[in-house]
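Note that the structure is predicted; figures quoted are calculated from it, not measured.
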Amino acid sequence: MTSPKLQLLQRKMDRQERIPAPDTSGGIGAAIEELIANEVSQRVGEAVKEKSNRHLDMLFKPPALRYTDYRQIPPVQKAPPPPVNFRLYRDGADQLVWAESSRGHKYKIVRDAAGLMIGIEEMRDDELPTLPPMDIATPRK
């Protein structure tokens, strides 16, 4: 298919070649009417042809992406997981001892020799740490 500019130029060239010399035997009025009738029929013919081409283009337009195998289909977007809340349990020195998630999982805080937290690991229900009693009289820092 050619570009729209080339199509317009082609139409102009076709019009210049097709214009017949007016017939003066019936008078000037008849010649003008004949030129008008020719121009109208030419424009109507072009419009009908262009409209039919547009419909054909729409009918034979290549289809959108079609899949030939199920592996080509992109995965379905999943909803994001719900947020997880944690309840933190501290000892008398205000250090984390263990944590419990809103999903029911319990995690033990792993510390190094200096007492710094280096990780967490999941624990079973039977190994829950016992918290030392807190001295309520001393304020927290």
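- By the criterion of side-chain heavy atoms lying less than 4.5 angstrom apart, applied directly or through intervening Ile, Leu, Val, Met, Phe, Trp or Tyr residues, Val97 is not grouped with Leu116; the two fall into different hydrophobic clusters.
- In the displayed structure, Arg103 atom CZ is contacted under 6.0 Å by more than 12 heavy atoms of other residues, nucleotides or ligands.
- Tyr89 and Glu100 share a side-chain donor-acceptor pair at under 3.5 Å.
- Considering only heavy atoms from C-beta on, Val84 comes within 4.5 Å of Phe86 through its side chain.
- Between the NZ atom of Lys108 and the CH2 atom of Trp98 there is a distance of 12.5 Å, given to the nearest 0.5 Å.
- Although no hydrogens or angles enter the test, the distance criterion places a donor-acceptor pair under 3.5 Å between the side chain of Asp112 and the main chain of Gly115.
- Annotation for Leu88 and Leu96: closest pair CB-CD2, 3.5 Å, computed over non-hydrogen atoms.
- Within the 3.5 Å criterion, the main-chain N or O of Asn38 finds no donor-acceptor partner in the side chain of Arg43.
- In this structure, Pro83 and Ser102 approach most closely via the heavy-atom pair O-OG, 4.3 Å.
- For the residue pair Ser3 and Gln7, no side-chain donor N or O sits within less than 3.5 Å of a side-chain acceptor on the partner.
- Here the CG-CD distance, from Leu35 to Glu39, works out to 8.5 Å after rounding to the nearest 0.5 Å.
- Connection of Ile118 to Tyr107 is not established within any shared hydrophobic cluster, with ILVMFWY side chains joined at heavy-atom distances below 4.5 Å, either directly or through further cluster members.
- There is a side-chain donor-acceptor pair under 3.5 Å between Gln10 and Asp14.
- With respect to Ile109, the side chain to side chain contact (heavy atoms under 4.5 Å, CB included) criterion is satisfied by exactly one of Met117, Arg90, Glu121: Met117.
- For the pair Lys106 and Arg124, the minimum side-chain heavy-atom distance is 4.5 Å or more.
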